[in-house]
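Just so it is clear: chains get the letters A, B, ... in the order the sequence lines come, proteins before strands, and each one is counted from 1. Scope of the values below: all heavy atoms of this structure, side chains included, with no hydrogens, waters or symmetry mates.
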Amino acid sequence: MTLPSSLGGLPGVGPIEIELDEPVFHSEWEGRTFGIANAVLVKGLFSVDEFRYSMERIPPVAYVNLSYYGRWLSGLERILIEDGILTEEEIDARMREFALDPELPVPRRDEPEFADLVLRIVYEGVSAGRETEAPRRFAVGDRVIARGSGTPGHTRLPAYARGQTGAVVRCYDAFALPDSSALRARDDPQWCYCLRFEANEIWGDTAEPRAPVFLDVFETYLEPAD
Amino acid sequence: MGHEHAHGSYEALRVKALESLLVQKGLLASDAVDRLVAAYEQDIGPLNGARVVARAWVDPTFKQQLLEDATPAIRELGIGGLEADHLVALENTTDVHNVVVCTLCSCYPWAVLGLPPSWYKSPAYRARIVVEPRAVLAELGLELEQTVEVRVWDSSAEIRYLVLPQRPEGTEDLNEDELAGLVTRDAMIGVAKAKVPA
């Protein structure tokens, strides 16, 4: 199954529209959506992979028609409902209250120590790197075929690369496999590799010359090409 | 872009509903949301990346460290954080031009470039840049020689990429701050070159 998010190579999408002097957030709700999602991520309500998978389950037509923060909002709402944190009925009811009374304030609850923690993460980061005892299966120069994890659901292998052969050009650290963490399965550390794919091998004879694609791929997606 | 944001009122109400319910259930800190928004609106942006690039242009040792392991290198300049925990810098040369995308969502090195512009997140850019990078770059105003290899980096895992643009000619007399002023966000994504001094 190809998720609507796997857009690489999709034809017929039209020109790229540039917005001059674009603000970081176009309106208050975009900023609040960004802030709420990141705050509850730090709170541990769900992982970033669960959040991405929630967005990827937006129906395909809606997915491409929603704005970026529209997808965040839709994904956030879906995961909060699925996890039993909120119900659709109470969101609808609360939304009607705000629609009827535009002056109705959003209640506040401050938690300065938690806000400090969130900002520390913003400025210091949080690594998805993992230790693993497993030996690396591949080295720079190896030819590999990108197969995917073999299970339906969230994946970080774009559809255009599935079944394609590439060359390992860089060996990266091990990271938690997003396919597993999106399902709240046990942490599954996987070595990561940067692969180089030649454009004509992926796109065929009409590919632009000298335009290779580089992709970061988890080891479990790969098998040797030779 | 009118279409993109036309549903603002529905979405504004929906977000208010989510925020108020999460606050009342004790799951959301309002001040954390305020400070997240302020950090990305007012502080974390492409000036960070521009400082990194300008330093690399004037300091060969720093440039080497940046190309070997970018995350500790930028930390020396006091720059780092979310979405740059595993940063890789890609050097543009006369033979190689690098351009970055995330076809699956919109991964982007927040700590050095801030939050991404709408076009970077658009289905059109995500769909097209991997398959026709020369055409897309030309459409965005960057014509590359046919001899130049265009490398498209699809940020599909935890690595985030920063393009190190070429230093423009005629900038020998500029200091580091002046050089940083030539380094645009688009040059660090790889859809433009650094500006030429006026």
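Under a 3.5 Å cut-off, the side chain of A/W29 and the backbone N or O of B/R14 do not form any donor-acceptor pair. Of the possible polar contacts, none joining the B/D154 side chain to the A/L215 backbone as a donor-acceptor pair under 3.5 Å is found. Judged purely by atom type and a 3.5 angstrom limit, A/E208 uses its side chain to pair as donor or acceptor with the backbone of B/A135. A donor-acceptor pair is defined here as one N or O able to donate and one able to accept, closer than 3.5 Å; no such pair exists between the side chain of A/R156 and the backbone of B/E158. The backbone N or O of A/R109 sits less than 3.5 Å from a side-chain atom of B/S30, completing a donor-acceptor pair. Between the side chain of A/E22 and the backbone N or O of B/P117, no donor-acceptor pair lies under 3.5 Å. Judged purely by atom type and a 3.5 angstrom limit, B/R151 has no side-chain atom pairing as donor or acceptor with the backbone of A/R196. Checking side-chain atoms of A/R210 against main-chain N and O of B/V96 turns up no donor-acceptor pair under 3.5 Å.
Considering only heavy-atom pairs separated by less than 4.5 Å from chain A, the leading option among B/V130, B/L104, B/V150 is B/L104. Chain A forms the most heavy-atom pairs under 4.5 Å with one residue out of B/L36, B/V131, B/D31, B/V33, and that residue is B/D31. Note on B/E139, B/H86, B/R75, B/Q24: by heavy-atom pairs under 4.5 Å with chain A, the leading option is B/H86. Comparing B/L18, B/I159, B/V37, B/V136 by how many heavy-atom pairs each has under 4.5 Å with chain A, the most go to B/I159. Contact tally against chain A (heavy-atom pairs below 4.5 Å) for B/S106, B/A127, B/A17, B/A32: the top residue is B/A127. The residue among B/I129, B/V101, B/D43 with the most heavy atom pairs within less than 4.5 Å of chain A is B/D43.
Interface remark: B/Y120 contributes no atoms to any contact with chain A (heavy atom separation under 4.5 Å). Contacts between B/I79 and chain A at a heavy-atom distance below 4.5 Å are absent for every atom of the residue. The contact between B/K25 and chain A is made entirely by side chain atoms (from C-beta outward), counting heavy-atom distances below 4.5 Å. Both the backbone and the side chain of A/P112 come within contact range of chain B, each with at least one heavy atom under 4.5 Å from a heavy atom of that chain. If you measure heavy-atom distances from A/Y69 to chain B, the contacts under 4.5 Å come from the side chain alone. Proximity to chain B (any heavy atom under 4.5 Å) is restricted, for A/L45, to the side chain, taken from C-beta onward. Interface remark: B/T147 contributes backbone atoms only to the contact with chain A (heavy atom separation under 4.5 Å). Both the backbone and the side chain of A/I121 come within contact range of chain B, with heavy atoms under 4.5 Å apart. Of the atoms belonging to A/R32, heavy atoms from both backbone and side chain fall under 4.5 Å from chain B. Using a 4.5 Å cut-off between heavy atoms, A/T155 contacts chain B through its backbone alone, with no side-chain atom that close. For chain B, the nearby part of A/D173 is the side chain; its heavy atoms alone come within less than 4.5 Å. With a 4.5 angstrom heavy-atom cutoff, A/V13 touches chain B via backbone and side-chain atoms both. In this structure, the portions of B/E41 lying under 4.5 Å from any heavy atom of chain A include both its backbone and its side chain. Both the backbone and the side chain of B/L27 come within less than 4.5 Å of a heavy atom of chain A.
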Note to self: Could you walk me through whether B/R35 and A/V122 satisfy the side chain to side chain contact (heavy atoms under 4.5 Å, CB included) test, starting with their C-alpha distance in whole Å, then the side-chain angles of each, then the deciding distance to 0.1 Å, before giving a yes or no?
What the structure shows: CA-CA 10 Å; B/R35 290 174 64 187; A/V122 164; over 6 Å; no
Next item on the list: Kindly determine whether A/F214 and B/N98 satisfy side chain to side chain contact (heavy atoms under 4.5 Å, CB included), including the steps that lead there.
Entry: CA-CA 10 Å; A/F214 294 74; B/N98 298 285; over 6 Å; no
Next item on the list: Kindly determine whether B/S118 and A/H26 satisfy side chain to side chain contact (heavy atoms under 4.5 Å, CB included), including the steps that lead there.
Entry: CA-CA 10 Å; B/S118 286; A/H26 295 84; 3.5 Å; yes
Checklist line | Pair A/W72-B/E11, side chain to side chain contact (heavy atoms under 4.5 Å, CB included): steps then yes or no | finding: CA-CA 11 Å; A/W72 277 51; B/E11 284 157 330; over 6 Å; no
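Residues forming a side-chain hydrogen bond (donor to acceptor under 3.5 Å, both in side chains) with B/E76 (at least two apart in sequence, or on another chain): none.
Annotation for B/K63: atom NZ does not count as buried by contact number, only 12 or fewer foreign heavy atoms lying within 6.0 Å.
Using modelled atom types and a 3.5 Å distance limit, the side chains of B/Y40 and A/N38 yield no donor-acceptor pair.
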